[in-house]
Amino acid sequence: MFLEKYDTIVVGAGHAGCEAAAAAANMGCKTLLVTMSLQNIAQMSCNPAMGGIAKGQIVREIDALGGYSGIVSDKTAVQFKMLNKSKGPAMWSPRVQSDRMRFAEEWRLMLERTPNLDFYQEMVKGLLIENNIVTGVVTSLGIEIKAKTVVLTNGTFLNGLIHIGEKQFGGGRAGESAAYGITEDLIKAGFESGRMKTGTPPRVDGRSLDYSKMREEPGDAVPAKFSYSDETQPLTHQKLCHMTYTSNEVHSILREGFDRSPMFNGRIKSIGPRYCPSIEDKINRFADKERHQLFVEPEGWNTVEVYVNGFSTSLPEDIQFKALRSVAGFEHVKFFRPGYAIEYDYFPPTQLKHTLETKLVSGLYFAGQINGTTGYEEAASQGMMAGINAALQVQEKAPFILRRDEAYIGVLIDDLITKGTEEPYRMFTSRAEYRTLLRQDNADFRLTAKSHALGLASEQRLKRMEYKFNESDKMVAFFKETSVTQEEANPILIEKESAPMVQSDKMFKVFSRPQIDLDDILKFEKVQQYISERQLDAEIVEQAEIHVKYSGYIEKERNNAEKLIRLEDIKIPENFDYDKIKSMSIEAKQKLSKIRPVTISQASRISGVSPADISVLLIYMGR
């Protein structure tokens with residue numbers, strides 16, 4: 001069946017696997033996507049949504065790099081929201097509610113249209129490794145499939161164990177079996193493994209809910225979209241979401257099940273996601289809170305299934321049901337299925353290079369929850385980077401690595417391999433020290449040219465980005481060169497409680513006042529005329545506004561980033577012996593010897609390595 005040798009085999013077809021397969025195939029590699037069920041490609045295992053705080057930035061970066069997540073999200077969205085609009089643009093984060101069934105269908109259709117990509121349905125039970133080089137995979141039927149590179153994106157399937165109350169059974173997701181064999185092969189090869197936990201809420205019948213008792217949560221009045229391409233369009237109509245709350249009564253019912261909860265009776269020993277805790281964890285940790293928000297999210301355009309966001313749980317099903325029936329609007333709720341927790345194997349990501357290739361086995365890449373992350377977006381971005389680098393290795397080209405000042409994806413991967421993680425890692429804007437540079441609105445400026453050089457982004461994409469960049473630059477120049485009079489500006493300034501002008505001034509200076517926003521700028525006749533004459537779209541105008549209002553902050557961060565880049569240029573020899581540096585702390589020696597940082601900059605970010613240790617290292621290296 002498999003006589004030819006593949007360039008890349010991708011194991012698992014979740015968000016990471018789909019992006020990995022698409023990237024490698026689109027870069028010209030003969031690629032095979034192996035999954036336990038071809039019916040569940042790109043399954044949204046948890047919430048039916050893409051994006052959110054910092055995650056939305058990642059989806060836009062994937063899109064700018066030529067990945068599919070943004071396009072699929074746009075085509076299958078039921079609602080769009082730009083979160084954090086009341087804050088500065090570095091915090092703005094796009095998010096969509098998705099049609100779960102359409103999302104998986106669209107992903108599969110896009111993959112089937114991708115040249116160089118084959119599919120095979122079966123469980124991979126082991127790896128073929130010779131002299132620390134991966135040479136392929138072995139399936140449960142004993143079929144050996146040869147490849148030059150292998151990308152593992154196993155999600156929660158590696159020795160997965162599902163918990164509902166005191167019941168537990170093997171599984172990688174509700175209704176699907178776990179995967180066995182890969183963990184054991186990796187441990188034999190010398191890898192260190194661990195266990196993590198995540199969970200999901202009940203799914204309920206929307207026909208049994210009373211939405212009149214809940215608060216409506218509409219999408220944006222003027223929705224935007226994820227993809228920078230013209231392949232997708234913003235939504236013209238949207239579905240409503242709703243919000244309701246738990247109560248002390250709900251909390252009391254939930255506590256009745258604590259003695260049967262696997263979280264509290266010792267059955268679950270692994271660590272769950274800190275920033276997405278179960279409902280029982282919330283009422284235990286935040287006992288002073290009288291209520292918690294529950295977001296009631298539709299699963300699609302034409303289904304009655306509803307996702308109860310905020311009610312993730314592994315409590316017994318009778319307790320889940322009884323507690324939800326005490327929530328406003330859920331008095332007559334009917335379950336589609338109960339919530340559950342799942343434990344699974346992961347491999348501490350300090351065992352990886354920045355390319356996501358393993359240090360122990362050449363040609364073997366890890367992406368997604370196998371690396372200890374949580375979330376579709378984090379997984380998809382790793383999948384894309386692993387797929388790109390697997391293809392580059394096959395083509396004997398230099399690896400593709402994003403720095404911390406270039407992308408949230410760069411921050412994510414650097415955090416994982418430099419610091420590791422002992423709990424499911426989730427991206428936040430606060431993790432990025434250069435978040436003013438890494439905004440969701442400029443991901444194409446940052447990454448499309450790089451993607452085009454890799455052969456992923458099309459010429460059309462590149463020209464579209466260059467046009468947007470040049471026109472927004474010209475608009476900023478127009479603001480710097482054009483004056484406004486007191487008569488034009490003062491009515492708007494007074495209305496916004498900003499000090500009136502005493503003489504004419506350049507638009508750039510007036511518009512940079514904190515009280516003035518884009519709506520105010522668009523009131524000026526000269527601005528309206530400029531936009532109309534050049535037929536500029538909203539994205540270009542928004543870019544110009546952000547540059548005017550935040551140019552000082554952007555410039556400061558760029559200068560700081562350049563200092564970091566200078567440290568990135570100082571390479572540490574591959575087999576450097578840290579033990580021979582007598583004046584370095586023992587902890588620093590141990591951490592540096594284990595993680596083997598490539599640059600001084602990476603070494604400085606390792607937990608337990610102090611600035612004094614870095615100074616000693618620089619002196620020892622003659623710097």
Side-chain angles (χ1 to χ4, degrees), residues 12 14-16 45-47 152-174 176-187 191-202 254 257-286 310-317 319-320 338-352 366-376 378-379 382 412 415-417 419-428 594 607:
H15 295 74
S45 307
C46 201
N47 60 323
L152 294 183
T153 69
N154 304 87
T156 58
F157 282 78
L158 292 181
N159 294 320
L161 185 64
I162 290 173
H163 297 265
I164 302 175
E166 294 173 301
K167 305 176 182 79
Q168 57 181 213
F169 45 92
R173 187 163 48 205
E176 296 178 63
S177 65
Y180 304 101
I182 289 177
T183 294
E184 292 70 23
D185 268 13
L186 290 172
I187 289 171
F191 286 91
E192 175 192 342
S193 74
R195 295 283 278 175
M196 278 190 178
K197 181 216 98 166
T198 190
T200 192
L254 290 168
F258 275 15
D259 60 330
R260 292 187 285 151
S261 165
M263 275 194 58
F264 299 122
N265 64 18
R267 282 179 182 270
I268 291 179
K269 296 180 174 64
S270 45
I271 300 171
R274 178 191 300 263
Y275 303 103
C276 188
S278 64
I279 189 67
E280 56 265 38
D281 198 17
K282 278 192 246 186
I283 64 172
N284 188 50
R285 278 166 52 192
F286 308 109
F311 206 87
S312 177
T313 181
S314 58
L315 285 166
E317 66 278 10
I319 295 292
Q320 295 183 34
Y340 62 88
I342 182 166
E343 288 185 287
Y344 55 94
D345 293 337
Y346 86 105
F347 291 81
T350 50
Q351 300 171 99
L352 303 175
F366 291 173
Q369 282 170 292
I370 192 172
N371 290 336
T373 59
T374 182
Y376 308 145
E378 289 90 340
Q382 291 170 72
L412 167 69
D415 275 357
L416 290 174
I417 72 160
K419 300 172 184 174
T421 186
E422 292 177 355
E423 62 184 50
Y425 177 102
R426 179 180 178 180
M427 180 51 74
F428 288 103
K594 181 182 179 183
S607 174

Below 4.5 Å, heavy atoms only, C-beta onward: do [X] and [Y] meet side chain to side chain?
X    : Y    : value
R260 : I319 : yes
P277 : R285 : yes
T198 : I342 : yes
R173 : T200 : no
E317 : K167 : yes
L186 : L152 : yes
M196 : Q369 : no
F258 : E280 : yes

Roughly how far apart are [X] [atom1] and [Y] [atom2], rounded to 0.5 Å?
X    : Y    : atom1 : atom2 : result
F311 : Q320 : CZ    : CD    : 7.0 Å
E378 : L416 : CD    : CG    : 9.5 Å
I182 : S193 : CD1   : OG    : 13.0 Å
R267 : E166 : CZ    : CD    : 6.0 Å
L352 : I417 : CG    : CD1   : 7.0 Å
R426 : T421 : CZ    : OG1   : 13.5 Å

Is the side chain of [X] donor-acceptor paired with the backbone N or O of [Y] at a distance under 3.5 Å, no angle test?
X    : Y    : result
Y376 : C46  : yes
T313 : S278 : no
E343 : L161 : no
N371 : F366 : yes
K269 : R195 : no
T156 : G172 : yes
T153 : G12  : yes

Can you name the closest pair of heavy atoms from [X] and [Y] and give their distance?
X    : Y    : answer
S261 : L315 : CB-CD2, 3.6 Å
P424 : P273 : CG-N, 3.6 Å
A16  : A379 : CB-O, 3.2 Å
S270 : K197 : OG-CB, 3.6 Å
P348 : G194 : CD-N, 4.4 Å
P316 : G257 : CD-O, 4.1 Å

Legend entry - Name of the residue among F347, Y344, Y180 meeting side-chain contact (heavy atoms from CB on, under 4.5 Å) with L158: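 Exactly one candidate clears the test, F347.
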
Inset, instruction - Kindly check if the number of other-residue, nucleotide or ligand heavy atoms within 6.0 Å of CD (E422) is above 12? - result: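 Not buried by this count: 12 neighbours or fewer within 6.0 Å.
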
Inset, instruction - Compute the centroid of each ring, for Y425 and then for Y346, and state whether the two points are separated by less than 6.0 Å. - result: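 Not under 6.0 Å, so no.
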
